[in-house]
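Residue numbering restarts at 1 for every chain, and letters A, B, ... go by the order of the sequence lines. As a basis for the values below, the full set of heavy atoms in this structure was taken, side chains included, without hydrogen atoms, waters or symmetry mates. Just so it is clear, the model here is predicted, and its values are computed rather than measured.
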Amino acid sequence: MAKSPKNSVGRRGFLKHAAAGAAALAATPGLGTAQQAAPPPRGAPGPSGAQLAREAGVARPAATALVEHPGSDFMVDVLRALGLEYVAANPGSTFESLHESIINYGDNKMPEFLTCTHEESAVALCHGYAKIEGKPMMALIHGDIGLQHASMAIYNAYVDRVPVYMVVGNHVDGAERTSGVQSMHSGNDLGALVRDYTKWDDQPYSLGAFAESAVRAYKIATAPPRGPVLLVAHHEVQSHAMTGPAPRIPKLVMTAPPAGDSAAVAEAAGLLVNAERPLIVGERAVRSAEGLQLMVDLAETLQAPFNSQERMNFPTHHPLSGNGGTGYQPDVMLGLEVADLSNQTRAAHARGAKVIAISAMGLALKSNLQEFGHYAEVDLDIGADAEATLPYLIEACKKLITADRRRLIDERGRKLAEAHRQVRLANVEAAAYGWDSSPVSLARIAGELWPLVKDEDWSFVSPQAFAGNWPNRLWKMDKPYQYIGGQGAGGMGYGAPASVGAALANRKYGRLSINIQTDGDLNYAPGVLWTAAHHRIPLLSIMHNNRGYHQEVMFIEQMCSVHNRGADRAHIGTKLWDPNIDYTLMAKAYGLYAEGPISDPQQLAPALKRAIERVKNGEPALVDVVTQPR
Amino acid sequence: MGETILRVLMRTAALVVPVVLSAQPAPGGDATKGKDLFLKYSCYACHGFSGQNGPGARLVPMKMTAAGFVAYVRLPRTRQMPSFSAKVLSDEQLTDIHAYIKTLPESRPAKDIPALNQFKEQ
Ligand SMILES: Cc1ncc(C[n+]2csc(CCOP(=O)(O)OP(=O)(O)O)c2C)c(N)n1
Ligand SMILES: [Mg+2]
């Protein structure tokens with residue numbers, strides 16, 4: 001029997017299943033001869049005419065044999081077994097077989113294909129989805145080039161401890177791949193490109209190994225500290241025919257998160273209960289609705305203020321929300337999943353206070369990129385997941401609280417409630433500043449939005465630090481999905497695609513997703529607006545159009561000052577004007593309902609109302625608002 | 001590229017801010033020139049076009065005297081605020097900026113803004 005290079009077995013032994021299948025096909029009249037007619041080159045000869053034609057997008061070599069049951073069909077079974085609802089991807093031939101299996105064999109359901117215009121958008125979309133859904137969706141990535149495009153978004157998810165399930169196509173067998181693009185887009189160890197900021201990666205060489213690695217990858221991604229994982233799906237494993245029974249798909253057994261050591265938890269409880277002015281700080285503490293309730297239980301047990309940073313860790317209108325008000329100098333501080341406690345610890349020690357950390361982050365760190373920040377000399381370090389540890393900590397605290405202590409604690413609670421009320425009122429006063437100004441103030445955007453959304457099941461899906469944190473400062477938030485935090489690693493270009501991903505997850509719950517969209521962020525990869533329109537993902541985007549990279553304007557202005565030169569050129573390289581970017585036109589071009597630019601604050605509420613109607617009807621809409629810088 | 005940077009800025013700032021510049025010249029400073037400088041030297045970047053939005057201190061209502069303002073800008077008391085030396089902006093120019101800030105309208109108090117009252121009641 002003549003054997004085409006496609007049938008070559010033995011090279012690292014990973015094509016066992018495929019070999020027999022291809023042999024069977026070769027025996028079929030007609031097909032075998034076709035395979036013999038145009039053997040792909042081995043070694044490193046120049047590209048053939050057929051290859052050149054293919055690379056130019058003209059044609060596929062005529063010699064392709066029929067493959068009835070490609071390995072990628074089985075891969076779809078595996079992905080479905082894992083419950084991966086969606087796959088976000090920019091198309092590429094390294095995963096062509098899997099792509100085809102998803103849409104045909106899998107009937108484009110579980111996972112359903114989402115067309116993305118950039119790999120960074122695909123991964124950031126998964127990032128936003130996971131923050132709402134609490135479980136990963138999949139990004140399918142094209143070889144080394146797609147992975148390099150995706151890399152910043154992967155880093156954001158890694159630093160944010162968010163699970164993202166990534167599969168990257170690759171032509172691993174040098175004997176099979178053509179010169180030119182197939183070679184240029186392939187690697188020996190693709191995982192190495194992003195290994196500094198993925199939690200785990202693997203490149204299985206057979207379908208059986210794929211199934212095992214795929215299940216393991218899911219398990220690793222979702223076990224705290226969570227993170228992105230990468231599987232290499234070799235083109236050869238995808239595209240060769242399966243023979244015999246499909247390999248077994250191992251059962252997914254989720255890993256219970258690590259909870260704190262009981263002696264350490266008891267010690268923490270002693271410090272907290274006996275503190276005069278305890279403070280709880282939560283950063284990436286809440287993973288679920290139950291987690292949010294645990295935070296409230298702990299704060300109420302101790303009557304300690306809870307300073308929620310980064311995302312929704314504590315109800316904004318709870319009387320214990322905040323840092324205790326002016327003059328509240330904590331003597332014991334508890335950090336829950338706070339990435340870098342070094343500054344707070346230094347300040348605490350300077351006034352004789354103690355710091356306790358509960359965090360799983362330190363359990364899985366990488367060396368190269370310095371996201372772990374500085375070493376903090378905390379007094380008690382509990383290497384465990386905060387949410388999983390809280391039930392034990394709450395119980396230990398309750399055991400230690402005597403009736404006398406309870407009176408003192410409750411007295412503290414009354415003072416804290418008043419301090420919280422004062423901060424809330426001060427926020428409302430501050431929201432009035434520039435209320436009638438043009439361009440529009442960020443507080444006004446939050447203020448005009450609230451009455452339009454407060455009776456809906458809403459979800460604020462974008463970062464808000466650059467919007468003055470006004471939604472947090474004004475709105476009543478008491479569900480984890482009402483604010484999902486920032487980029488993770490501060491990589492801009494996250495906001496737009498992560499908002500679309502979060503809105504995708506919110507869609508099935510009928511939630512109204514709200515995105516305050518900065519202009520610089522959108523311009524990295526605005527094509528994600530089209531993805532939202534194409535896939536009917538309802539999302540309200542309000543442009544925070546300050547016509548520039550405003551953060552950088554301020555930095556350059558500082559430099560001008562430090563160098564004792566005027567700030568009159570600080571706009572160079574930092575502003576997005578001349579010409580102004582027309583976001584209404586841009587959004588319309590991508591198929592969205594859009595209005596603006598709005599500079600007069602009086603026009604804001606009616607425009608928002610019209611856009612919200614569209615969103616409630618199931619489509620994305622954008623309102624371009626020209627804003628104060630911040 | 002024909003447009004100067006100042007004109008772009010002026011167009012943004014001139015949108016609605018109801019400032020009648022020459023009607024109430026602040027003593028000692030030229031508010032019209034001050035507006036140019038406020039925009040050109042990126043004061044708006046941290047204090048807002050309104051003079052009261054953003055991470056910078058609220059400048060409206062301006063409570064400093066012109067002399068106090070000049071002294072403060074030369075040697076700010078916070079690290080966030082960049083200092084502007086005499087090499088960069090003269091006393092006269094800073095006095096003009098001060099005069100301009102004085103013309104910026106103060107906000108209505110929150111109690112007079114119905115949309116904000118809802119937040120007090122929550
Ligand atoms: C990938 C990436 N490139 C550059 C930066 C530097 N950077 C930080 S903030 C910022 C400005 C972003 O502009 P925009 O999204 O409009 O927000 P604004 O600062 O105007 O509020 C930039 C460019 C970054 N953080 N990430
Ligand atoms: Mg901007």
Counting heavy-atom pairs under 4.5 Å to chain A, which of B:G51, B:A115, B:P109, B:S83 comes out on top? B:S83
Under 4.5 Å from a heavy atom of chain B, the part of A:R424 involved: side chain
B:Q80 backbone acceptor or donor facing A:Q558 side chain under 3.5 Å: yes
Which heavy atom of B:C46 sits nearest to which heavy atom of A:E557, and what is that distance? SG-OE1, 4.5 Å
Against chain B, work out which of A:L474, A:V553, A:I556 has the most heavy-atom pairs shorter than 4.5 Å and name it. A:L474
Can you tell me if B:S107 uses its side chain to pair, donor with acceptor, with the backbone of A:G434 under 3.5 Å? yes
Might you confirm whether atom NZ of B:K63 has over 12 heavy atoms from other residues, nucleotides or ligands at distances under 6.0 Å? no
Heavy-atom distances under 4.5 Å only: say whether A:V428 touches chain B with side chain, backbone, both or neither. both
Pick one of side chain, backbone, both or neither for A:L425, based on which atoms fall under 4.5 Å of a heavy atom in chain B. side chain
List the atom of A:A432, the atom of B:R108, and the distance in Å for their closest heavy-atom pair. CB-O, 3.6 Å
Using side-chain heavy atoms (C-beta onward) and a distance below 4.5 Å, is B:Q52 in contact with A:Q628? no
Working to the nearest 0.5 angstrom, can you tell me the gap between B:K40 NZ and A:R569 CZ? 10.0 Å
If you count heavy-atom pairs within less than 4.5 Å of chain A, which of B:D112, B:V88, B:L89 leads? B:V88
Calculate, to the nearest 0.5 Å, the distance between atoms CG and NE2 belonging to B:L39 and A:H571 respectively. 12.0 Å
Testing the basics here: between A:G566 and B:Y41, what is the closest heavy-atom pair and its distance to 0.1 Å? CA-CE2, 3.9 Å
How close do A:A446 and B:F119 get, counting heavy atoms only, and between which atoms? O-CZ, 4.4 Å
Take atom CZ in A:R565; do more than 12 heavy atoms of anything else shown fall under 6.0 Å from it? no
Would you mind reporting whether A:P629 and B:Y44 have side-chain heavy atoms less than 4.5 Å apart? yes
Does B:E92, at its CD atom, have more than 12 non-hydrogen atoms belonging to other residues, nucleotides or ligands within less than 6.0 Å? no
Any A:Y433 side-chain heavy atom under 4.5 Å of B:S50 side chain: no
Approximate separation, where rounding is to 0.5 Å, of A:D436 CG and B:I113 CD1: 6.0 Å
NZ (A:K415) with more than 12 external heavy atoms under 6.0 Å: no
Bottom line for B:R58: the part with an atom under 4.5 Å from chain A's heavy atoms is side chain
Quick check: closest heavy atoms across B:Q118 and A:G447, and the distance to 0.1 Å? NE2-O, 3.3 Å
When heavy-atom pairs shorter than 4.5 Å are enumerated against chain B, which of A:C560, A:A567, A:S441 gives the highest number? A:A567
Candidate pair B:L116 and A:W435, rule side-chain contact (heavy atoms from CB on, under 4.5 Å), full reasoning: CA-CA 10 Å; B:L116 284 178; A:W435 185 262; 3.8 Å; yes
